[in-house]
Colleague: 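So that we are looking at the same thing, I have put the structure below in structure tokens.
Order of appearance sets the numbers: ligands from 1, and atoms from 1 within every ligand.
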Amino acid sequence: MNSKKIGWALLAVVLLLTGCKGGEELTEPSLYEEDVATREGEYIVVGFSQVGSESDWRIGSTESFRSTFTAENGYYLIYEDAQQKQENQLKAVRNFILQEVDYIIVDPIVETGWDAVFQEAKDAGIPVILADRSVEVEDEDLYICWVGSSFEQEGIKAGEWLKEYLKKQGRDQEEIRIVTLQGTLGSTAQIGRTEGFWKVLSLQENWVMLAQQSGDFTQAKGQEVMEELLKSYEEIDVVVCENDNMAYGAIEAIKKAGKTCGPEGEIIILSFDAGRAALETMLDGDINAVFECNPQLGPLVSEIIMRLERGETVEKIQYVEEAYFDSTMDLESVIQERTY
Ligand code: AHR
């Protein structure tokens with residue numbers, strides 16, 4: 001696929017004419033005049049619609065895209081933060097189309113509602129690449145490919161880990177009361193983790209899901225929801241937190257309620273993402289296990305673009321590898337290498 005590369009001056013004119021500030025990138029010093037001179041103004045223009053900044057994971061993800069799609073690497077990045085609102089993402093994609101970018105990258109907040117705007121991108125001849133979360137569209141040709149985590153596998157891993165842990169504790173016949181703090185409802189991360197965990201739960205006769213409620217992947221909402229759940233249910237054995245930040249909120253709520261959690265505490269805490277702060281919280285004894293979700297997708301998406309530029313085909317679905325960690329493991333070295 002041949003990229004239509006446009007120069008800095010032309011790009012600035014296009015952005016001004018379309019009335020769009022072009023995200024923060026127009027004023028960002030990553031595109032220096034000397035770069036323009038040395039590269040003769042040739043850039044691959046990429047519009048990236050990010051979910052928001054709701055979690056530590058998301059900060060890591062933004063950093064990964066920003067540090068990959070630089071002028072030095074031959075890109076001009078137009079970054080748009082949707083602040084967790086799909087309507088902002090739809091607007092951003094339409095603006096990217098107006099700006100005639102070379103590629104559109106979307107991390108979709110929720111799976112549905114994308115058919116029309118992706119059709120518009122396709123009609124304009126602009127390839128759409130999905131990163132992290134995915135979409136449910138009638139025609140899968142509306143996007144080139146998707147790269148991200150197998151969220152369902154993450155959920156299954158969490159369920160399997162819990163099963164083994166309870167067995168080792170001699171609690172495999174006991175009634176186990178579980179609550180789940182879900183991510184943004186309708187997002188691939190929420191759907192996959194919830195479904196994956198249920199695949200294991202539905203085979204355990206002694207596990208009871210008391211409640212599942214969304215904490216929207218944020219610490220504040222996670223804490224709020226957990227406070228309510230602690231008021232509604234006297235006995236909770238396990239809290240499944242569909243990301244680290246909601247786990248921090250849940251831990252706050254548990255402590256405020258005078259209860260304890262982690263391997264030595266009353267409530268088992270499972271979390272997803274496995275960011276550095278979560279691993280440290282596990283070292284402090286408040287989390288039992290974390291299931292990794294890798295936010296470093298920028299280089300993988302750039303690799304996809306390079307292949308498309310060379311006219312190669314790319315795989316439609318590309319999963320990244322992920323591990324899990326629990327309190328029995330040596331976490332120090334993992335923490336040192338953690339970038340998010
Ligand atoms: O889509 C990935 C999820 O979104 C991460 O688990 C979460 O932390 C983020 O907000």
Colleague: Between Gln84 and ligand 1, which residue portion shows a heavy-atom distance shorter than 4.0 Å: side chain, backbone, both, or neither?
Modeller: neither
Colleague: Report the residue from Asn243, Thr194, Asp216 that forms a side-chain hydrogen bond (donor to acceptor under 3.5 Å, both in side chains) with Gln182.
Modeller: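 The passing option is Thr194.
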Colleague: Looking at Ser55, which atoms of ligand 1 are within less than 4.0 Å of one of its heavy atoms?
Modeller: 7 (C), 8 (O), 9 (C), 10 (O)
Colleague: Who's the nearest protein heavy-atom neighbour of atom 3 (C) of ligand 1, and how far?
Modeller: Arg133 NH2, 3.8 Å
Colleague: Under 4.0 Å from a heavy atom of Asn243: give me the atoms of ligand 1 that qualify, with their elements.
Modeller: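 Within the 4.0 Å cut-off of Asn243, ligand 1 contributes 6 (O), 7 (C), 8 (O).
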Colleague: Using the ring of each side chain (for Trp, its six-membered ring), is Trp161 parallel, tilted or perpendicular to Phe291, with breaks at 30° and 60°?
Modeller: perpendicular
Colleague: Going by the atom numbers of ligand 1, which of them fall below 4.0 Å from some non-hydrogen atom of Asp132?
Modeller: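 Answer, ordered by atom number: 1 (O), 2 (C).
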Colleague: So if I apply the side chain to side chain contact (heavy atoms under 4.5 Å, CB included) rule between Phe197 and each of Gln212, Glu242, Met209, which one comes out positive?
Modeller: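 Of Gln212, Glu242, Met209, side chain to side chain contact (heavy atoms under 4.5 Å, CB included) with Phe197 is met by Met209 alone.
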Colleague: Considering only protein heavy atoms, which is closest to atom 8 (O) of ligand 1, and at what distance to one decimal place?
Modeller: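 For atom 8 (O) of ligand 1, the nearest protein heavy atom is Asp273 OD2, 2.6 Å.
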Colleague: Under 4.0 Å from any heavy atom of Glu54, which atoms of ligand 1 are there?
Modeller: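 Those atoms are 4 (O), 9 (C), 10 (O).
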Colleague: Heavy atom of Arg193 under 4.0 Å from ligand 1?
Modeller: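 For ligand 1, residue contact (heavy atoms, under 4.0 Å) with Arg193 is present.
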Colleague: Side chain to side chain contact (heavy atoms under 4.5 Å, CB included) with Val239: which of Ile251, Ile287, Leu181, Asn288?
Modeller: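 Exactly one option meets the side chain to side chain contact (heavy atoms under 4.5 Å, CB included) with Val239, and it is Leu181.
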Colleague: Could you please spell out the steps behind the side chain to side chain donor-acceptor pair (under 3.5 Å) verdict for Ser64 and Tyr340?
Modeller: CA-CA 10 Å; Ser64 173; Tyr340 63 100; over 6 Å; no
Colleague: Between Lys199 and Glu152, does a salt bridge (Lys or Arg N to Asp or Glu O under 4.0 Å) hold up when you go through it step by step?
Modeller: CA-CA 9 Å; Lys199 281 203 165 152; Glu152 186 179 284; 2.9 Å; yes
